[in-house]
Amino acid sequence: QHLQSLNGFKPALPVGANFKAAFEKLLEQLFGYLYPAHPNFGTEVKPLALRKLQPDIERALADPEGRVFIADKTIRDSMRAIANPLKLGEMGETHFVLSCHWRSHVAQKHAQQGGAMTVKSLRAWMDEPQRMGVSREVQNLVILTYAEQTNRNFFKGTALIRPTLDSLDDELELREQALPPEEDWRLAVQRASSLFGLVPPDLRNATNVAKLSAQIAERAADLRPKLDALVRDLGHRLAALGIDADDANRMTTARSAQALLVAIGAATSEKVITSLAGAELRTTETDVAKTLTSAGEGGQ
């Protein structure tokens with residue numbers, strides 16, 4: 001007949017058909033008091049359910065309008081039960097549309113508190129102004145979505161980290177990634193493939209830009225001394241044959257490849273993509289690619 005709390009919780013007497021039902025009603029009141037902002041999920045939220053939603057959320061993030069058609073009714077139902085109350089987006093009859101809720105919320109909190117933006121701080125901001133009381137995996141989905149939506153990458157010191165839904169360390173820092181113009185990205189993707197043999201993704205986002213930039217810079221740094229040696233050797237051979245290096249198409253190609261590697265090496269991580277896209281190749285791309293391949297193999 002009497003219920004008392006030691007922490008300010010003021011429960012009403014629960015009504016139930018039996019003790020079990022009444023106690024469950026009491027627990028509902030308690031969790032409502034502890035986590036007043038807890039989303040009203042329409043299903044039990046398990047990590048497997050979140051992993052099934054993530055690909056379609058990523059498709060929405062890749063769409064310029066943040067809107068995607070979802071054919072699978074089971075996924076639509078799960079999206080409606082989980083993503084809607086979590087304010088990640090709105091699942092309509094057939095299309096899922098991303099929400100700007102977390103982007104706005106985090107921007108406001110970061111502006112108020114300043115400093116580095118970490119995973120730990122985002123977890124705390126999710127519980128403001130009222131506690132949500134969601135699992136770490138649910139928090140991870142929100143944070144990963146926010147990072148993609150705002151073109152941010154995760155770093156531990158200077159190391160770029162690619163977290164997953166199951167593994168997202170609190171100490172990781174989120175840093176905004178400047179994206180190159182779409183035209184530069186397309187050309188850089190094509191040249192990264194033809195010149196360096198890389199297999200870059202088509203989607204221009206923070207993760208892919210940082211990853212491709214690092215791959216290009218690493219490849220250029222590896223090839224640079226080899227290509228320098230090739231240019232020197234080629235110059236000696238042309239001189240021995242009495243051929244003016246400036247008139248030799250092969251030397252023009254080699255110097256063009258050399259200039260490309262120098263430009264990439266001098267570029268900051270944010271400018272690697274535009275350096276590759278903007279490089280002037282004085283002969284054909286095919287010839288430059290062959291020269292880079294020859295240098296990599298130690299050929300002449």
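This structure is a prediction, so every number in the text was calculated from the model and none was measured.
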Novice: Is it true that atom CG of D244 has more than 12 heavy atoms of other residues, nucleotides or ligands lying nearer than 6.0 Å?
Specialist: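 Check passes, neighbour count above 12.
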Novice: Any luck finding a side-chain donor-acceptor pair between Q113 and W125 under 3.5 Å?
Specialist: yes
Novice: Please check if the side chain of H105 supplies one atom and the backbone of E128 the other of a donor-acceptor pair under 3.5 Å.
Specialist: yes
Novice: Holding to salt bridge (Lys or Arg N to Asp or Glu O under 4.0 Å), I want the full list of residues that pass it with E148, two or more places apart in sequence or in another chain.
Specialist: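 Expected list: none.
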Novice: Should the pair R204-D184 be classified as a salt bridge under the 4.0 Å nitrogen-to-oxygen rule?
Specialist: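 D184 and R204: not salt-bridged.
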Novice: Hey, are D233 and R237 close enough for a salt bridge, meaning a charged N less than 4.0 Å from a carboxylate O?
Specialist: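 Answer for the salt bridge query: yes.
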Novice: Could you walk me through whether L61 and Q149 pass the side-chain contact (heavy atoms from CB on, under 4.5 Å) check?
Specialist: CA-CA 6 Å; L61 288 163; Q149 203 170 18; 3.9 Å; yes
Novice: Could you label the plane-to-plane angle of the H38 and F41 rings as parallel, tilted or perpendicular, counting under 30° as parallel and over 60° as perpendicular?
Specialist: perpendicular
Novice: Has R175 got its NZ or CZ under 6.0 Å from the middle of the six-membered ring of F155, at an angle within 45 degrees of the ring axis?
Specialist: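 Yes, a cation-pi geometry holds between R175 and F155.
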Novice: Would you mind checking if D228 and R224 are paired as a salt bridge, meaning a charged N to carboxylate O distance below 4.0 Å?
Specialist: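 Yes, this pair counts.
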Novice: How close do R186 and D202 get, counting heavy atoms only, and between which atoms?
Specialist: NH1-O, 3.0 Å
Novice: Carefully, step by step, assess L276 and V272 under the rule side-chain contact (heavy atoms from CB on, under 4.5 Å).
Specialist: CA-CA 6 Å; L276 176 57; V272 168; 5.6 Å; no
Novice: Answer yes or no: is there a donor N or O on one side and an acceptor on the other, between the side chain of W102 and the main chain of L86, under 3.5 Å?
Specialist: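 Present.
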Novice: Run the numbers on F9 and Q29 for side-chain contact (heavy atoms from CB on, under 4.5 Å), then give the verdict.
Specialist: CA-CA 9 Å; F9 172 47; Q29 292 184 59; 3.8 Å; yes
Novice: Should we say atom NZ of K25 is surrounded by more than 12 heavy atoms from elsewhere, each under 6.0 Å from it?
Specialist: no
Novice: Enter the distance from L281:CG to L195:CG here, rounded to the nearest 0.5 Å.
Specialist: 6.5 Å
Novice: So F23 and F19, would you call those rings parallel, tilted or perpendicular, with 30° and 60° as cut-offs?
Specialist: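 Aromatic pair F23/F19 classed parallel.
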Novice: Do any N or O atoms from the side chain of N140 and from the backbone of L165 form a donor-acceptor pair under 3.5 angstrom?
Specialist: yes
Novice: Write down the atom of V189, the atom of P201, and the distance for their closest heavy-atom approach.
Specialist: CG2-O, 3.8 Å
Novice: Quick test of your reading of the model: are R123 and D127 salt-bridged, counting only N-O distances below 4.0 Å?
Specialist: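 The answer is no: the pair does not qualify as a salt bridge.
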Novice: So which atom in L230 and which in S294 form the shortest heavy-atom distance, rounded to 0.1 Å?
Specialist: CD1-OG, 3.9 Å
Novice: Heavy-atom count around E182 CD within 6.0 Å, excluding the residue itself: above 12?
Specialist: yes
Novice: Could you list all the side chain to side chain donor-acceptor pair (under 3.5 Å) pairs where at least one residue sits in residues 269-291, not counting sequence neighbours?
Specialist: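 Qualifying pairs, neighbours excluded: Q190-E285, S194-E285, T253-T283, T268-E270, T284-D287.
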